[in-house]
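The sequence lines fix the lettering, A, B, ..., with proteins before strands; numbering per chain opens at 1.
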Protein chains: 2
Amino acid sequence: MKNLEKIFKALGQATRLKMVFLLSEQELCVCELEHILQVSQSAISQHMRILKAADLVNEERRGQWVFYSLNKQVLSEQLQDFLKLLDMGLKAEGRMAEELERLQYLQENPIVECRIQN
Amino acid sequence: MKNLEKIFKALGQATRLKMVFLLSEQELCVCELEHILQVSQSAISQHMRILKAADLVNEERRGQWVFYSLNKQVLSEQLQDFLKLLDMGLKAEGRMAEELERLQYLQENPIVECRIQN
DNA sequence: TTATTAATTAAGCATATGCTAATATGCCCT
DNA sequence: AGGGCATATTAGCATATGCTTAATTAATAA
């Protein structure tokens, strides 16, 4: 889930989401993205670091230029898996053990009226 | 895309992502979420406002309690559509007209050496 | 080697975010 | 009406984020 969070966080920002759409068309180098998105080359680098950390893009240096391409495979798989996870029940999501426990406790011992009255 | 951004932003935060997983199991009221997630009731309310704004959850008042449920349909559709959009090319994403224009300009007038040399 | 260009990293700043405590609102029951 | 919960909203604060400019690092070419 830490992984999913990273992915969603990466996608949940206007500039980066645009980058993903742009890279879905074709690979682009930093200077091109800079020109298209109208932000500093430094900003591009920083966003790319985040997208890379989420494994959403690949980086390839070609001479002095660094070209980025979209990892469409990973993106697609992760989102599909997320949807599947949602259908499989909480036990499938290991990183929520604590919360699952508390949920189960509530199921057995309804904390308050909210469950009793209905 | 504004929409997608809102959705990804909503999902890209640990507490809210947990909420989504929890609600995928069953609907829950604020006081239950408070207990499960161990944050203040105010925090729950605020997060729910964001999830609601992204249309990811539905809210139903039952007496003094408000129950939230996951809008799995919407979530699933939006993510699928996003993946489809990525395959359809930029023209499909209307909100990127400006960037598309600049991309096309670059395609015709390679800005610098990066395209000429390779 | 030095100069030039591209990209990354660091520093700094303004704004956004996530949370809590305090207050207000809404719903139910006397 | 008035008291008692559950939830929402507000205010305030500490931290995170997105950006810029400045300083480094990397690669190429003279």
Taking NZ from B:Lys9 and P from D:dA16, how many angstroms apart are they, rounded to a whole number?
17 Å

B:Glu25: partners by salt bridge (charged side-chain N to carboxylate O under 4.0 Å, His left out), with sequence neighbours left out
none

Protein heavy-atom contacts under 4.0 Å, written 5' to 3' over nucleotides 7-12 of chain D as B (base), S (sugar-phosphate only) or - (none), form the string BBBB--

Only stems of 3 or more consecutive Watson-Crick or G-U pairs count here, both distances under 3.5 Å; name the ones for DNA chain C, or none.
C:1-30 with D:1-30

Between C:dA6 atom P and A:Glu60 atom CD, what is the distance in whole Å?
18 Å

Is B:Leu75 reachable from B:Leu85 through a run of I, L, V, M, F, W or Y residues, each pair having side-chain heavy atoms under 4.5 Å apart?
yes

Pairs involving residues 76-85 of chain A, ordered by first then second residue, that meet side chain to side chain donor-acceptor pair (under 3.5 Å) (sequence neighbours left out)
A:Gln73-A:Glu77

Roughly how many Å is it from CG in A:Leu28 to C1' in C:dA6, rounded to a whole number?
15 Å

For B:Glu99, check side-chain hydrogen bond (donor to acceptor under 3.5 Å, both in side chains) against everything at least two apart and list the hits.
A:Lys18

Strictly below 4.0 Å: does A:Arg16 bring a side-chain N or O up to OP1 or OP2 of D:dG18?
yes

Result of checking A:Glu32, A:Met19, A:Glu59 against A:Tyr68 for side-chain contact (heavy atoms from CB on, under 4.5 Å)
A:Glu59

Separation of C:dC19 C1' from B:Met19 CE (nearest whole Å):
12 Å

Greater than 12 external heavy atoms within 6.0 Å of B:Gln38's CD:
yes

For B:Glu27, what residues pass the side-chain hydrogen bond (donor to acceptor under 3.5 Å, both in side chains) criterion, not counting sequence neighbours?
B:Arg62

In whole Å, I'd like the distance from the CG atom of A:Leu17 to the P atom of D:dG18.
12 Å

Would you compute the distance between atom CG of A:Asn3 and atom CZ of A:Phe8 and round it to the nearest 0.5 angstrom?
10.5 Å

To the nearest angstrom, how far is B:His47 atom NE2 from C:dA16 atom C1'?
14 Å

